[in-house]
Amino acid sequence: MKKESVRKLIFFILAVIIIIILDRRLGLVSKITDPGSYIRLRQMTGENFFMASSLYIGITVLSCVLLALPGVTFAAAAAYLFGPLRGTILCLIGVTLGAIASFLVGRYFLKDSVKPLLNKNATLKKLLFSEDSNSFFILLMITRLLPIFPYNIQNFAYGITDISLGEYSLYTFLFLIPGVTMFTLLTAGLTGGENSRNYIISSLLLFAGVIIISALIRKRFLTADKNEGEVN
């Protein structure tokens, strides 16, 4: 491993340790998830929507890079603060920018040191470093559509792969739309107000659609790859 790669890896590890220490001392996660903070920010939306939305996007981007928060947190907060429509749009902007920032951190600090280790595993090498651009398309589609993969870890991990920043940004934005919309609608429905029943029903229909699409993708691509491997 090159010295420059080692230095980057050490710097990244030290940065993670410092963030963990700061979080324990300052309670960063608790402050971000504190309901009181969102009540104040919600009050701000009526007074200065631009400032409130900018703060939300900024907090979301920083949280994607620095804090291991579940992706659903950002969608739920957006729905509570801005409603289902504006919340969906602002959440998509925030989580996409946060995903890009984490991707760049992973690519700069981790790729040179981690990629050689992953290349030793044939399965990971085929999955993460395939020369076929369609494999990245399928991988991003599955991991973004299904809300079961840790969002922050995904973003750093994709920085280690050979996918281009442009493809990663575009696919991430497109494949996040169903999940973000689903969770903002669900939050809007559960918090009451007008059309709450319609929001819940719409979110459940979206969830069903995502499950069906994911199953079709799995059947179409993953089964095909398995059969191809058996033939070879």
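Both backbone and side-chain heavy atoms feed into the values below; hydrogens, waters and symmetry mates do not.
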> For V61 and G94, work out which heavy atoms get closest and say how close.
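Closest heavy-atom pair between V61 and G94: CG2-O, 3.6 Å.
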> To check you understand the geometry: which heavy-atom pair defines the closest contact between I93 and I57, and what is its length?
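The pair with the smallest heavy-atom distance is CG2-CD1, 3.9 Å.
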> Taking a hydrophobic cluster as the set of Ile, Leu, Val, Met, Phe, Trp and Tyr residues connected by side-chain heavy atoms closer than 4.5 Å, whether directly or through intermediates, do F183 and L190 fall within one such cluster?
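They do not share one cluster, since no chain of ILVMFWY contacts under 4.5 Å joins F183 to L190.
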> Using the test side chain to side chain contact (heavy atoms under 4.5 Å, CB included), find all partners of I201 that sit at least two apart in sequence or belong to another chain.
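Checked I201 against side chain to side chain contact (heavy atoms under 4.5 Å, CB included); matches are R197, L205.
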> Treat each ILVMFWY residue as a node, draw an edge where side-chain heavy atoms are under 4.5 Å apart, and state whether L165 and F175 are in one component.
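The answer is yes; both residues are in one hydrophobic cluster.
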> Nearest 0.5 Å, what's the CG-CE distance between L174 and M141?
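The CG atom of L174 sits 9.5 Å away from the CE atom of M141.
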> Do you reckon L41 sits in the same ILVMFWY cluster as V95, going by side-chain contacts under 4.5 Å, direct or chained?
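Result: yes, single cluster for both.
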> Of the non-hydrogen atoms in C91 and A78, which two are nearest, and what is the gap between them?
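That closest heavy-atom pairing would be CB-CB, 3.8 Å.
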> Partners of A77 by side chain to side chain contact (heavy atoms under 4.5 Å, CB included), sequence neighbours excluded?
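Y38, Y56.
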> Working to the nearest 0.5 Å, report the span between CD1 of I100 and CZ of F173.
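The CD1 atom of I100 sits 10.0 Å away from the CZ atom of F173.
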> My understanding is that only residues two or more places apart in sequence, or in another chain, count here; which of them pass side chain to side chain donor-acceptor pair (under 3.5 Å) with S164?
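Side chain to side chain donor-acceptor pair (under 3.5 Å) check on S164 returns E167.
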> To the nearest 0.5 Å, what is the distance between CG (L140) and OG1 (T172)?
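Reported to 0.5 Å precision, the distance equals 5.0 Å.
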> Establish whether L81 and F50 are linked, either directly or via other cluster members, by ILVMFWY side-chain heavy-atom contacts under 4.5 Å.
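Not linked; separate clusters.
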> State the CG-OH distance between D162 and Y168, to the nearest 0.5 angstrom.
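So the CG of D162 and the OH of Y168 are separated by 14.5 Å.
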> State whether Y80 and R42 meet the cation-pi test: NZ (Lys) or CZ (Arg) under 6.0 Å from the six-membered ring centroid, and within 45° of the perpendicular axis.
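Yes, cation above the ring, under 6.0 Å and within 45°.
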> Quick one: pull up CD1 in I89 and OG in S53 and give me the separation to the nearest 0.5 Å.
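Here the interatomic distance stands at 11.0 Å.
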> Can you check whether R86 reaches F49 side chain to side chain, under 4.5 Å on heavy atoms?
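Yes - at least one pair of side-chain heavy atoms lies under 4.5 Å apart.
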> Do I200 and F207 share a hydrophobic cluster, counting only Ile, Leu, Val, Met, Phe, Trp and Tyr and linking them when any side-chain heavy atoms are less than 4.5 Å apart?
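No, separate clusters.
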> Identify the two heavy atoms, one from I160 and one from G106, that lie closest to each other, and give their separation to 0.1 Å.
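Where I160 meets G106 most closely, the heavy atoms are CG1-O, 4.4 Å.
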> Taking all non-hydrogen atoms of both residues into account, name the closest pair between S196 and A188 and its distance.
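Smallest interatomic distance, heavy atoms only, reads CB-O, 4.5 Å.
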> Which residues pass the ring-ring contact (aromatic ring centres under 6.0 Å, His included) test with F74, not counting sequence neighbours?
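Listed in chain order: nothing, the list is empty.
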> With sequence neighbours left out, what residues match V105 under side chain to side chain contact (heavy atoms under 4.5 Å, CB included)?
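With neighbours one apart ignored, the set is F12, V65, F109, F156.
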> Which residue pairs pass the side chain to side chain donor-acceptor pair (under 3.5 Å) test with at least one member in residues 96-108, sequence neighbours excluded?
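Matches after skipping sequence neighbours: none remain.
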> With sequence neighbours excluded, what pairs up with N195 under the side chain to side chain contact (heavy atoms under 4.5 Å, CB included) test?
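By the side chain to side chain contact (heavy atoms under 4.5 Å, CB included) rule, N195 matches N198, Y199.
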> Filter on side chain to side chain donor-acceptor pair (under 3.5 Å), then keep only pairs touching residues 180-193, sequence neighbours left out; what's left?
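Matches after skipping sequence neighbours: T88-T184.
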> Between P178 and L206, which heavy-atom pair has the shortest distance, and what is it?
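That closest heavy-atom pairing would be O-CD1, 4.1 Å.
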> Could you tell me the separation between the OG atom of S203 and the CG atom of L185, rounded to the nearest 0.5 Å?
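Result: 6.0 Å between the selected atoms.
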> Could you tell me if the ring centre of Y158 sits under 6.0 Å from that of F103?
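No.
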